[in-house]
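Taking it in order: structure first as structure tokens, then the write-up.
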Amino acid sequence: MKVPLLDLKPQYQQIKEKVLPEVMEIIESQGFILGPKVEKLEKEMAAYLGAQYTLGCSSGTDALLLALMALDIGKDDEVITTPYTFFATAGSIARVGATARFVDIDPATFLMRVDQIENAITPKTKAIMPVHLFGQCVDMEPLMNIARKHKLAVIEDAAQAIGSKYQGKDAGTFGDTGCFSFFPSKNLGCFGDGGLVSTNRQALHERLKGLRVHGGQVQYQHLEVGLNARIDALQAAVVSVKLPFLAGWTEGRRKNAALYNELFKGNPKVVTPIEKPDCFHIYNQYVIRVNNRDALKAHLAEKEIGCSVYYPLSLHQQKCFANLGYKKGDFPESEKAADTSLALPIFPELNREQIEFVAKTINEFTA
Ligand SMILES: *Cc1c(COP(=O)(O)O)cnc(C)c1O
């Protein structure tokens, strides 16, 4: 039995009849840039998230960049975030000329430790960038309290967390902005690159809108230097078609996670992910921890079971961030997670037999 880490083909089969006419309509119209499909998606996403405004953009990375730029974060500013995340989180901070300041993670959730944020605040701190990693929210209530107390902006990296909830509220709607990705491997993926920024602040939304098209909403009138960071009409149409399916797909992921949890229950060698009581986890990834991770990974590859390490090297140890002055040992929990975590297949269309096969293979190997 072959079990891929992710197979998008069965999902495409579910939406094929709906998505192809939408794509054809755009091609026939030859209207590829912004326009009605993008506006439609932005309205649907605002309603879905419970946010006042959303802005479609070219990727999750550009969503983060736009948010940082719109909040005037740049040179001499510091942004507090986690070293255990996809590169784009800290990459976007560096790209605007600001400095990432890391705090370690909670080993139980892989999420940034909110109780360490205040220790990392300096006179230069401008913002906090929490990452709702793997599909579960950071503790946003204490985080927002800290942000208010110290007058810091909050840019939520919700790239892996669309539809994830904290105290009943959607990821990406707590801070100044929520940044989402439609990269194909995210829970709501398009047919290429795409992203979205949500906000409840009108002035911020207008600024983001201008920054998306070279810094001015009126053509050839540039109020500031922006980006070309639009979402394609084609990608917006794809996401619109998929959005009504998202809740069902999320349920599929949650069911798969529950089955894995059950199957690993008697195995003390496998630490399974936890869902915090006030959270709704959407399992963009189902990440276990094992001591002999690399050996297990090689074994699973041999058995044709897909798996991956998210992430093998913490961001404070990346060569490009050597200038930040961190060294090995600075964030021990993040480093431990990098050595012991392993993401297993969790996509909604997996069947019971496949999950049982994955769990059985792991249980036998770790016995
Ligand atoms: C995927 C991802 C991004 C970047 O999104 P892209 O659309 O690939 O640019 C940013 N942060 C996190 C945590 C991600 O997982």
Side-chain angles (χ1 to χ4, degrees), residues 6 8 41-42 45 48-49 51 54-71 79 81-96 100 105 109-112 127-138 140 143 154-166 170-199 208 212 227 229 231 235-236 238-239 242-243 246 249-250 253 273 279-287 308 310-311 314-315 341 343 346-347:
L6 174 65
L8 290 167
L41 174 68
E42 290 170 346
M45 285 299 303
Y48 176 85
L49 296 170
T54 77
L55 188 86
C57 64
S58 37
S59 69
T61 304
D62 286 341
L64 294 167
L65 267 180
L66 286 168
L68 287 159
M69 291 168 78
L71 289 160
V79 180
T81 190
T82 166
Y84 193 68
T85 173
F86 180 59
F87 178 75
T89 309
S92 64
I93 295 168
R95 193 32 61 233
V96 297
I105 57 164
T109 60
F110 303 101
L111 299 172
M112 90 190 285
I128 309 170
M129 192 181 278
V131 181
H132 306 308
L133 198 71
F134 302 146
Q136 177 157 247
C137 287
V138 171
M140 290 309 287
L143 187 144
V154 174
I155 299 166
E156 296 179 64
D157 183 340
Q160 300 184 7
I162 195 156
S164 175
K165 289 180 186 11
Y166 172 81
D170 270 61
T173 63
F174 294 86
D176 295 272
T177 64
C179 300
F180 296 89
S181 166
F182 301 130
F183 185 79
S185 69
K186 310 294 161 119
N187 287 27
L188 184 64
C190 61
F191 290 176
D193 280 304
L196 183 117
V197 191
S198 65
T199 183
L208 288 162
R212 180 174 67 174
L227 304 171
I231 189 170
Q235 302 302 349
V238 170
V239 178
K242 283 191 174 190
L243 185 58
L246 181 59
W249 290 333
T250 300
R253 287 173 182 271
C279 284
F280 181 78
H281 199 321
I282 61 149
Y283 293 100
N284 177 242
Q285 301 296 343
Y286 180 91
V287 178
S308 191
Y310 303 119
Y311 298 91
S314 295
L315 296 189
S341 70
I346 191 69
F347 64 94

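Here, residue 1 is the first one in the sequence, and each next residue gets the next number. Owing to the predicted nature of the structure, the values given are computational and were not obtained by experimental measurement.
- Annotation: side chain to side chain contact (heavy atoms under 4.5 Å, CB included) contacts of C137 (sequence neighbours excluded): H132, S164, Y166, A171, C279.
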Practice task
Go through the steps for L55 and L196 under the test side-chain contact (heavy atoms from CB on, under 4.5 Å), then give the verdict.
Solution key: CA-CA 5 Å; L55 188 86; L196 183 117; 6.0 Å; no
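- For the pair G172 and E156, the tightest heavy-atom approach, listed with the atom from each and the gap, is N-OE1, 2.8 Å.
- Taking the salt bridge (Lys or Arg N to Asp or Glu O under 4.0 Å) definition, one finds that K186 meets it with nothing, sequence neighbours left out.
- Summarising the geometry, atom CD1 belonging to I231 is positioned 10.0 Å from atom OG belonging to S59; distances are rounded to the nearest 0.5 Å.
- What you find for D170 and T173 is that their closest heavy atoms are O-OG1, 2.6 Å.
- R253 contributes no side-chain N or O that, together with a main-chain N or O of F347, makes up a donor-acceptor pair within less than 3.5 Å.
- Scanning for side chain to side chain donor-acceptor pair (under 3.5 Å) contacts around Q235 gives an empty result, with sequence neighbours left out.
- Residues Y286 and P273 have side chains in contact (heavy-atom distance under 4.5 Å, counting atoms from C-beta outward).
- In plain terms, the two heavy atoms of V239 and C190 that are nearest each other are CG2-CB, 3.7 Å.
- Within the 4.5 Å cutoff, side-chain heavy atoms of L143 are placed close to those of V138.
- T109 is linked by a side chain to side chain contact (heavy atoms under 4.5 Å, CB included) to D106, L111, Q136, I274, K276, counting only residues two or more places apart in sequence or in another chain.
- When side chains are defined from C-beta on, T82 does not count as touching L133, because their heavy atoms never get closer than 4.5 Å.
- Nearest heavy-atom pair, L66 versus A229, reported as atom, atom and distance to 0.1 Å: CD1-CB, 4.1 Å.
- The CE atom of M140 sits 8.0 Å away from the CD1 atom of I128 when rounded to the nearest 0.5 Å.
- Evaluation of the salt bridge (Lys or Arg N to Asp or Glu O under 4.0 Å) rule for D193 yields no partner, not counting sequence neighbours.
- The closest side-chain heavy-atom distance from V154 to M129 is not below 4.5 Å.
- Take Y84 and apply the side chain to side chain donor-acceptor pair (under 3.5 Å) test, not counting sequence neighbours, and it matches S341.
- Between V197 and C179, the shortest heavy-atom contact is CG1-SG, 4.4 Å.
- Checked by atom type and distance alone, the side chain of Q160 pairs as donor or acceptor with a backbone atom of F134 at under 3.5 Å.
- The two atoms that bring P184 and L8 nearest to each other are O-CD2, 3.6 Å, heavy atoms only.
- Listed by chain and residue number, L204, R207, L208, L211 satisfy the side chain to side chain contact (heavy atoms under 4.5 Å, CB included) test with A70 (two or more places apart in sequence, or in another chain).
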Listed pairs under 3.5 Å, donor-acceptor, residues 88-95 side chains, sequence neighbours left out:
from	atom 1	to	atom 2	distance (Å)
T89	OG1	T85	OG1	2.8
T89	OG1	F86	O	3.3
T89	OG1	D157	OD2	2.8
S92	OG	A88	O	3.1
S92	OG	T89	O	2.9

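- The stretch residues 175-185 participates, sequence neighbours left out, in these side chain to side chain donor-acceptor pair (under 3.5 Å) pairs: D176-R201.
- With sequence neighbours left out, the salt bridge (Lys or Arg N to Asp or Glu O under 4.0 Å) criterion links E42 to R212.
- Here the side chains of S198 and F180 are in contact, with some heavy-atom distance below 4.5 Å.
- With sequence neighbours left out, L246 forms a side chain to side chain contact (heavy atoms under 4.5 Å, CB included) with Y48, I162, N187, L188, L243, T250.
- Ring geometry for H281 versus Y283: interplanar angle under 30°, hence parallel rather than tilted (30 to 60°).
- Remark: S58 pairs with D62 by the side chain to side chain donor-acceptor pair (under 3.5 Å) rule, at least two apart or across chains.
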